[in-house]
Peer 1: 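What follows is a single structure, and I will ask about it in a moment.
Computed from a prediction, not measured in an experiment: that's the story for all the values here.
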2 protein chains.
Amino acid sequence: MNKSSGRGRRAGAPDTREQILDAARRLFLANGYEGTTMRAVAGAADVDAALISYFFGSKRGLFGATLALTANPLEVARQELPGDLATLPERALTALLQAWDDPRTGEPLVAMLRGVVLDPGMSDLVREAMHGELLAHLAERLGGVEGGRRAALFGAQMGGLIFTRYLLRLEPIASMNSQEIVRMYAPALRAVLFGPHPGRAALPHTGRR
Amino acid sequence: MNKSSGRGRRAGAPDTREQILDAARRLFLANGYEGTTMRAVAGAADVDAALISYFFGSKRGLFGATLALTANPLEVARQELPGDLATLPERALTALLQAWDDPRTGEPLVAMLRGVVLDPGMSDLVREAMHGELLAHLAERLGGVEGGRRAALFGAQMGGLIFTRYLLRLEPIASMNSQEIVRMYAPALRAVLFGPHPGRAALPHTGRR
DNA sequence: GGATTTATTCATCACGGTTGAAATGGTGGG
DNA sequence: CCCACCATTTCAACCGTGATGAATAAATCC
């Protein structure tokens, strides 16, 4: 009976905000962004739907808040940067795959990735995070104009792997074990980072060498 | 006049279906899937919104129908397969960039890509097209189990380039000219297609610091 | 202990996709 | 030629969505 009784603030100190966040997190992971309605979140948190707007402003705000408390993938990857450049491809790949293969951290990441494509604003956020926290450092270590480009193409390769393995689930990539991937993909990363590029003249064909 | 008089079939033989498709195509490209409402499409086609459901079943159906009449990117890429394997990276990259850089073909492709991430069913479609029309052939030419994996990783690299350049618009990739990209990226593709992979022992290695 | 701030519910809006019924033109069999 | 049937079209309504503003009650501050 204490249930649906009138309006006004509830007694005690129920951490409603956390409750909502928790319910939202579960539902977003289970049903995706579109598949999760604010009313459903409110229901799961046993709260009125208007409270979500009150606390988080909007559904996107709620989504952003749930993302904020999931492990940041770039954080993980950045820790691999300082080491020996020569072994960076293996280390970066290993760290990346580990983060995304573990459902605990991977599922939120996939959800976020979906959100990225959904919302242009989210896309800005990821782009800048990727540049500022990762590629800029890498570019600096590589040096010069070429360094910036090499770093970006490195990022493209990483992104491609994630996209095909976790979002598109393309076979056989999706079911290969991570060591196999590291072994086969690292040389390509290495080529972009350190490999010589063919002379400008050698465009259309493979050129000599 | 023929004006907005009552209900019932209109006189003559107006190809309403085409009108709707045309309007939908324009709006989807301009405003994206979410940003395009059925009522807006109906308005632009000068038709009642219910007609869309009548002809295409649902908004997704309409989206699918508009996609069906845009140039197929895989078709383009597949034409590059038969040639000399040694020059495949350059040829494939060039063809890919050309298709996506031209707004005329590229914009629909970006729209489709957004749709892919949006809808799991659409994702299946792309995955199978990519595998059946492209990677399977490439895998066969490369041969063996490794061939399948090399082909898939090749696809991942291509996908990564598209994702970062056209969807995420990561700099400096987004503003590099296509020749530059071909020059710098082709060696990496080559590494995945033909390069030797390090012996199994050398795996996470890094180990011997 | 009153004023203010914070938290909560309720009622309601505007909008989006979808549906069912009614109306109207086209078409073919008799 | 007329009437039954089918295809097309509009209209009105439904239901679910995210969002907002007013009313209300507890907590907090001075």
Side-chain angles (χ1 to χ4, degrees), chain A residues 1-24 27-28 30-67 114-115 118-122, chain B residues 1-24 27-28 30-66 114-115 118-119 121-122:
Chain A
M1 280 320 180
N2 56 357
K3 282 289 51 173
S4 57
S5 50
R7 36 187 132 195
R9 188 169 184 160
R10 282 189 293 199
D15 202 348
T16 310
R17 202 190 141 93
E18 291 303 314
Q19 269 173 257
I20 294 177
L21 226 40
D22 195 57
L27 290 181
F28 277 140
N31 311 328
Y33 181 81
E34 306 266 337
T36 303
T37 111
M38 302 189 72
R39 285 170 168 92
V41 172
D46 208 35
V47 162
D48 188 276
L51 262 189
I52 299 180
S53 292
Y54 177 73
F55 279 121
F56 303 96
S58 68
K59 186 182 180 184
R60 283 246 143 75
L62 175 62
F63 187 66
T66 62
L67 283 188
R114 291 213 145 91
L118 210 90
D119 179 26
M122 204 79 78
Chain B
M1 313 294 248
N2 54 3
K3 282 281 52 177
S4 57
S5 48
R7 36 186 132 195
R9 188 172 184 159
R10 282 190 290 199
D15 202 349
T16 310
R17 202 191 142 95
E18 291 304 314
Q19 270 174 254
I20 294 176
L21 225 41
D22 196 57
L27 291 180
F28 277 139
N31 311 329
Y33 181 82
E34 307 267 337
T36 302
T37 107
M38 302 192 72
R39 284 171 167 93
V41 173
D46 208 34
V47 162
D48 188 276
L51 261 190
I52 300 180
S53 292
Y54 176 72
F55 279 122
F56 302 96
S58 67
K59 188 182 181 183
R60 282 246 141 78
L62 176 62
F63 187 66
T66 62
R114 291 212 145 91
L118 209 90
D119 179 23
M122 204 79 77

Peer 1: Without decimals, in angstroms, what is the distance between A:F63 CZ and D:dA19 P?
Peer 2: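 Result: 14 Å.
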
Peer 1: Can you see if the side chain of A:T37 gets near the phosphate of D:dG16 - specifically, an N or O under 4.0 Å from OP1 or OP2?
Peer 2: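 So the side-chain polar atoms of A:T37 never come under 4.0 Å of the phosphate oxygens OP1 or OP2 of D:dG16.
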
Peer 1: Could you please name the option among C:dT18, C:dA7, D:dT10 that lies closest to any side-chain atom of B:L51?
Peer 2: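 From the listed options, D:dT10 comes nearest.
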
Peer 1: For residues B:L21 and B:A65, report the shortest heavy-atom separation together with the two atoms involved.
Peer 2: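 Minimum heavy-atom separation between B:L21 and B:A65: CD1-CB, 3.8 Å.
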
Peer 1: What is the separation between atom CG on B:L27 and atom C1' on C:dG16, rounded to the nearest whole Å?
Peer 2: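 Going from CG in B:L27 over to C1' in C:dG16 covers 15 Å.
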
Peer 1: Given C:dT19, D:dA19, C:dA7, which nucleotide is nearest the side-chain atoms of A:S53?
Peer 2: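 Taking heavy atoms from C-beta onward, the closest nucleotide is D:dA19.
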
Peer 1: What are the two closest heavy atoms between B:A49 and B:R39, and how far apart are they?
Peer 2: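 Heavy-atom minimum between the residues: CB-CG, 4.2 Å.
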
Peer 1: Do the rings of B:F63 and B:F28 sit parallel, tilted or perpendicular, given the 30° and 60° boundaries?
Peer 2: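 Perpendicular: the ring planes of B:F63 and B:F28 meet at over 60°.
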
Peer 1: Please report, rounded to the nearest Å, how far the P atom of C:dG16 is from the OH atom of B:Y33.
Peer 2: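 One finds 13 Å between P of C:dG16 and OH of B:Y33, rounded.
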
Peer 1: Tell me what B:Y54 touches on the nucleic acid: a base, only sugar-phosphate, or nothing, going by heavy atoms under 4.0 Å.
Peer 2: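 Base contact.
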
Peer 1: Starting at the 5' end of nucleotides 25-30 of chain D, put B wherever the base has a protein heavy atom under 4.0 Å, S where only the sugar-phosphate does, and a dash everywhere else.
Peer 2: BBS---

Peer 1: Taking everything shown except B:N31 itself, do over 12 heavy atoms lie less than 6.0 Å from its CG?
Peer 2: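 Correct, the count exceeds 12.
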
Peer 1: Could I get the full list of side-chain hydrogen bond (donor to acceptor under 3.5 Å, both in side chains) partners for B:S53, not counting sequence neighbours?
Peer 2: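 In terms of side-chain hydrogen bond (donor to acceptor under 3.5 Å, both in side chains), with neighbours along the sequence ignored, B:S53 is linked to no residue.
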
Peer 1: Rounded to the nearest Å, what distance is computed from the CD atom of residue B:E34 to the P atom of nucleotide D:dT17?
Peer 2: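 My rounded result for the distance is 15 Å.
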
Peer 1: Could you check how far CZ of A:R17 sits from P of C:dA7, rounded to whole Å?
Peer 2: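 Between P of C:dA7 and CZ of A:R17: 10 Å.
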
Peer 1: If you take all heavy atoms of A:Q19 and A:A45, which pair is closest and at what distance?
Peer 2: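 A:Q19 and A:A45 have their closest heavy atoms at NE2-O, 3.1 Å.
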
Peer 1: Between residues 39-48 of chain B and DNA chain C, which residues have a heavy-atom gap below 4.0 Å?
Peer 2: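 Listed by number, they are B:R39.
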
Peer 1: Looking at every heavy atom in both B:T66 and B:A24, which two are closest together, and how far apart are they?
Peer 2: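 It is CG2-CB, 3.8 Å.
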
Peer 1: Give the rounded distance in Å between these two atoms: CE of B:M38 and P of D:dC14.
Peer 2: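 My rounded result for the distance is 20 Å.
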
Peer 1: Please state how far atom CD1 in A:I52 lies from atom C1' in D:dT20, giving the value in whole angstrom units.
Peer 2: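 Distance check: A:I52 CD1 to D:dT20 C1' gives 14 Å.
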
Peer 1: Are the side chain of B:K59 and the backbone N or O of B:T37 linked by a donor-acceptor pair below 3.5 Å?
Peer 2: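 Judged by distance alone, no pair lies under 3.5 Å.
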
Peer 1: Got a second to check how far A:R60's CZ is from A:L67's CG, nearest 0.5 Å?
Peer 2: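 Atom-to-atom, A:R60:CZ and A:L67:CG are 11.0 Å apart.
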
Peer 1: Does B:A49 or A:A49 map to a spot on DNA chain C nearer the 5' end, using the closest nucleotide for each?
Peer 2: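 Final value for this comparison: A:A49.
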
Peer 1: Can you tell me the distance, in whole Å, between the CG atom of A:N31 and the P atom of D:dT17?
Peer 2: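 Taking CG of A:N31 and P of D:dT17, I get 12 Å after rounding.
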
